Chemist: 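Take a look at the following structure, please.
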2 protein chains.
Amino acid sequence: MKQTPFAFEKALKNQTKKEILADKLIEMILTGLLRDGDELPSERELAQLFEVSRETVRGGLALLTGYGLLNVSHGSKSRVCASEAVIDSFRNHPARQQGDELNNLDIESVFESRIVVESAIARRAARHIDEAGLKKLDALLEAQSQHFDSPVNFQLSDQNFHHVIAEYSRNEILIRYADELYTYALNIRRQVMAEHGSIKRSYEEHVRIVEALRAGDPDAAERAMLSHIDSVYYTTRDKMPH
Amino acid sequence: MKQTPFAFEKALKNQTKKEILADKLIEMILTGLLRDGDELPSERELAQLFEVSRETVRGGLALLTGYGLLNVSHGSKSRVCASEAVIDSFRNHPARQQGDELNNLDIESVFESRIVVESAIARRAARHIDEAGLKKLDALLEAQSQHFDSPVNFQLSDQNFHHVIAEYSRNEILIRYADELYTYALNIRRQVMAEHGSIKRSYEEHVRIVEALRAGDPDAAERAMLSHIDSVYYTTRDKMPH
DNA sequence: CTCCACTGGTATATATTTCATACCAGCATA
DNA sequence: TATGCTGGTATGAAATATATACCAGTGGAG
């Protein structure tokens with residue numbers, strides 16, 4: 001009796017050439033090599049450059065057009081049409097090869113994941129932190145305390161702060177995940193950071209995190225980090241349109 | 001207006017499904033999951049497992065046969081035919097440029113991260129799992145119980161098992177991280193899966209995970225998952241050359 | 001031993017992707 | 001306006017992948 005309930009999610013997936021081409025062009029747009037308004041080479045030229053047929057090029061360009069990244073007009077060359085908003089939505093969702101473009105990482109998933117990763121990092125950092133690390137964090141706290149009125153500077157320091165702690169988890173994968181999730185969250189809450197009160201509160205929470213790390217107390221570090229992420233989450237969520 | 005010093009130079013290459021399948025099987029041979037003389041699942045079975053047509057499977061197997069890695073005979077199952085000499089010539093020479101980025105990640109970081117992510121997933125899955133999910137997991141357990149002597153089948157089912165649970169975390173990011181970490185871990189522990197005892201133990205641990213999920217008990221699910229990952233970790237570590 | 005369920009081997013038809021080669025229609029400019 | 005670009009379209013061919021059959025060799029259960 002050999003039936004097969006093997007519905008395999010991890011099936012063999014074949015990427016077509018037009019998809020590969022579309023991805024390459026998207027990458028060029030994301031990296032700024034191609035900017036809004038830039039002319040693309042002609043379809044015949046692209047076909048030669050990528051060593052594919054013109055029909056394949058047209059297929060790839062059609063995908064880009066569908067994503068709203070390209071403007072094609074009969075008779076003239078195609079132009080990149082990439083507003084900051086569209087670019088951001090692409091930058092945040094690299095797993096975009098499927099048709100469900102605008103679907104994406106909802107705010108809850110991002111912060112839920114941040115809690116998981118940052119908590120684990122805080123525990124490990126409390127065990128591995130050393131004097132040099134604490135000194136770095138103190139310096140960052142000092143910088144943050146002087147930037148309550150400068151959201152841009154505070155954000156840069158904030159990112160650095162979390163990255164330094166992540167480094168003391170001594171786990172490259174967790175560091176990478178934390179950086180990635182920070183970026184996701186940042187793109188969601190850009191507007192929120194402009195608020196005065198939220199910056200000061202973040203600073204105070206940072207202070208508590210450093211205290212726990214200095215004490216070498218994993219439980220306290222995890223609690224402080226969790227409380228911080230939670231606070232950022234709720235502030236962000238309340239500010240969202242929905 | 002003359003511009004276009006464009007950086008398009010690379011031709012784009014399309015990998016066919018049979019090539020992908022052949023690469024997967026070669027990888028299994030190189031890592032010792034498939035050894036000289038081992039039977040391969042039947043063509044029809046492989047077609048279902050990889051969700052491709054039987055003709056595509058035959059194409060992939062034909063490539064392996066051409067490389068001298070496989071012995072197909074009318075009426076019987078195909079057998080791996082891989083002398084040490086042939087394996088070595090494959091391990092060194094061919095265009096196997098891919099897997100190198102994983103080698104930088106040490107085994108401890110991978111499993112530490114897996115524990116973090118899979119524990120979180122288990123907790124969430126216990127809250128969100130439904131009858132359909134439990135049915136899927138039961139079917140996978142049933143399949144696994146019949147594949148104690150078939151590392152290939154068991155591994156494929158094992159991957160599916162973890163993926164289904166991850167899906168019930170209802171968090172796309174955690175799902176992506178879990179899949180990625182599974183792949184990392186798999187590349188490290190392929191040899192271990194060939195051991196008879198480790199397969200049966202994995203199965204029993206899977207059963208306990210499903211029990212906890214069925215009970216809807218997040219704590220128990222986390223404990224069961226953590227114990228499972230731990231077990232895989234220790235087995236893998238003890239098998240490593242170092 | 002025979003039988004038959006399994007195995008690989010084969011044939012057919014169809015859909016998709018990619019390609020090459022045309023020709024048509026819109027745009028810019030000399 | 002006329003010429004040479006541009007994108008838009010149509011056709012046929014090849015390669016790939018799928019689905020559905022049926023044929024032929026193997027090996028184990030009865």
Side-chain angles (χ1 to χ4, degrees), chain A residues 1-4 6-8 10-25 37-66 69-81 97-99, chain B residues 1-4 6 8 10-25 37-66 69-81 146-147 149-150 152-153:
Chain A
M1 193 65 162
K2 268 246 182 102
Q3 64 152 8
T4 26
F6 271 99
F8 229 128
K10 266 250 171 177
L12 256 41
K13 182 55 189 164
N14 209 10
Q15 213 180 9
T16 63
K17 291 195 179 184
K18 53 186 173 190
E19 288 167 346
I20 299 174
L21 173 58
D23 283 346
K24 277 184 182 289
L25 292 175
D38 280 357
E39 269 184 356
L40 234 55
S42 75
E43 294 176 353
R44 292 168 175 84
E45 205 170 343
L46 287 172
Q48 284 196 326
L49 288 168
F50 287 103
E51 293 178 19
V52 297
S53 75
R54 190 174 149 224
E55 276 307 312
T56 304
V57 170
R58 286 177 58 75
L61 297 187
L63 288 176
L64 281 199
T65 310
L69 288 173
L70 194 64
N71 223 323
V72 296
S73 64
H74 195 162
S76 323
K77 291 195 175 182
S78 299
R79 291 199 122 85
V80 174
C81 158
Q97 49 260 37
Q98 309 292 12
Chain B
M1 265 319 235
K2 270 286 186 70
Q3 47 144 8
T4 56
F6 271 100
F8 313 126
K10 284 200 300 187
L12 21 100
K13 177 61 188 161
N14 211 12
Q15 214 182 8
T16 63
K17 290 194 180 184
K18 54 187 175 191
E19 287 167 347
I20 298 174
L21 174 58
D23 284 347
K24 277 182 183 287
L25 292 175
D38 280 356
E39 269 184 356
L40 234 54
S42 76
E43 295 175 352
R44 291 170 175 83
E45 206 169 345
L46 287 172
Q48 284 197 324
L49 287 170
F50 288 102
E51 287 182 12
V52 296
S53 74
R54 191 176 147 221
E55 279 305 312
T56 303
V57 169
R58 285 177 60 74
L61 297 187
L63 288 176
L64 282 198
T65 311
L69 288 173
L70 194 65
N71 222 324
V72 296
S73 64
H74 194 163
S76 326
K77 290 194 176 182
S78 300
R79 290 200 124 84
V80 174
C81 158
Q146 293 175 359
H147 285 140
D149 54 350
S150 171
V152 182
N153 277 317

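A, B, ... follow the sequence lines: proteins, then strands. Residue 1 opens every chain. Here the structure is a predicted model, which is why all the values come from computation and not from measurement.
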Chemist: Let me know the distance between CG of B:Leu61 and C1' of C:dT7, rounded to the nearest Å.
Modeler: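 To the nearest whole Å, that distance equals 13 Å.
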
Chemist: Report the distance from atom CZ of A:Arg54 to atom C1' of C:dT17, rounded to the nearest whole Å.
Modeler: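 Computing the A:Arg54:CZ to C:dT17:C1' distance gives 18 Å.
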
Chemist: Which heavy atom in A:Lys18 sits nearest to a heavy atom in A:Thr56, and how many Å separate them?
Modeler: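 In this case the closest contact between A:Lys18 and A:Thr56 is CB-O, 3.7 Å.
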
Chemist: C:dT18 C1' sits how many Å from A:Gln48 CD, rounded?
Modeler: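 Whole-Å distance recorded here is 17 Å.
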
Chemist: Could you give the CZ-to-C1' distance, from A:Arg58 to C:dT17, as a whole number of Å?
Modeler: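 Between C1' of C:dT17 and CZ of A:Arg58: 16 Å.
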
Chemist: Using a 4.5 Å cut-off on heavy atoms from C-beta on, say whether the side chain of A:Leu40 contacts that of A:Leu61.
Modeler: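 With C-beta onward as the side chain, the pair touches.
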
Chemist: Can you give the first and last nucleotides of DNA chain D, 5' to 3', that have an atom under 4.0 Å from a heavy atom of chain A?
Modeler: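 Counting from the 5' end, contacts occupy D:dT6 to D:dA17.
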
Chemist: For B:Glu43, answer base if it contacts any base atom (sugar-phosphate contacts may also be present), sugar-phosphate if it contacts only those atoms, and nothing otherwise; contact means non-hydrogen atoms under 4.0 Å.
Modeler: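 Answer is sugar-phosphate: B:Glu43 comes under 4.0 Å of backbone atoms only.
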
Chemist: Please determine whether the number of non-hydrogen atoms from other residues, nucleotides or ligands lying under 6.0 Å from atom CD of A:Gln48 exceeds 12.
Modeler: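 No, CD of A:Gln48 has 12 or fewer neighbouring heavy atoms, counting only those of other groups under 6.0 Å.
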
Chemist: Between A:Ala22 and A:Gly60, what is the shortest heavy-atom contact and its length?
Modeler: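 Closest approach of A:Ala22 to A:Gly60: CB-O, 3.9 Å.
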
Chemist: Rounded to the nearest 0.5 Å, how far does CD of A:Glu45 lie from CZ of A:Phe50?
Modeler: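 Nearest 0.5 Å value for the CZ-CD distance: 11.0 Å.
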
Chemist: If you round to the nearest 0.5 Å, how far is CG of A:Asn71 from CG of A:Leu64?
Modeler: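 Going from CG on A:Leu64 over to CG on A:Asn71, the span is 11.5 Å.
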
Chemist: Measuring from atom CG of B:Leu21 to atom CD of B:Gln15, what distance do you get when rounded to the nearest 0.5 angstrom?
Modeler: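 Atom-to-atom, B:Leu21:CG and B:Gln15:CD are 10.5 Å apart.
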
Chemist: What are the two closest heavy atoms between A:Ser78 and A:Val72, and how far apart are they?
Modeler: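 Closest approach of A:Ser78 to A:Val72: OG-CG1, 3.1 Å.
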
Chemist: Heavy atoms under 4.0 Å is the rule here; annotate nucleotides 24-30 of chain C 5' to 3' with B where the base is hit, S where only the sugar-phosphate is, and - elsewhere.
Modeler: -BBS---

Chemist: So which atom in A:Pro41 and which in A:Leu46 form the shortest heavy-atom distance, rounded to 0.1 Å?
Modeler: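 For A:Pro41 versus A:Leu46, the nearest heavy atoms are O-CD1, 3.7 Å.
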
Chemist: Please state how far atom NZ in B:Lys77 lies from atom P in C:dT7, giving the value in whole angstrom units.
Modeler: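 Whole-Å distance recorded here is 5 Å.
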
Chemist: What's the CD-C1' distance between B:Glu45 and C:dT7, to the nearest Å?
Modeler: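 Rounded to whole Å, this separation is 12 Å.
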
Chemist: Can you check the B:Lys17 NZ to C:dT17 C1' distance for me, whole Å?
Modeler: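 Value for this atom pair: 12 Å.
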
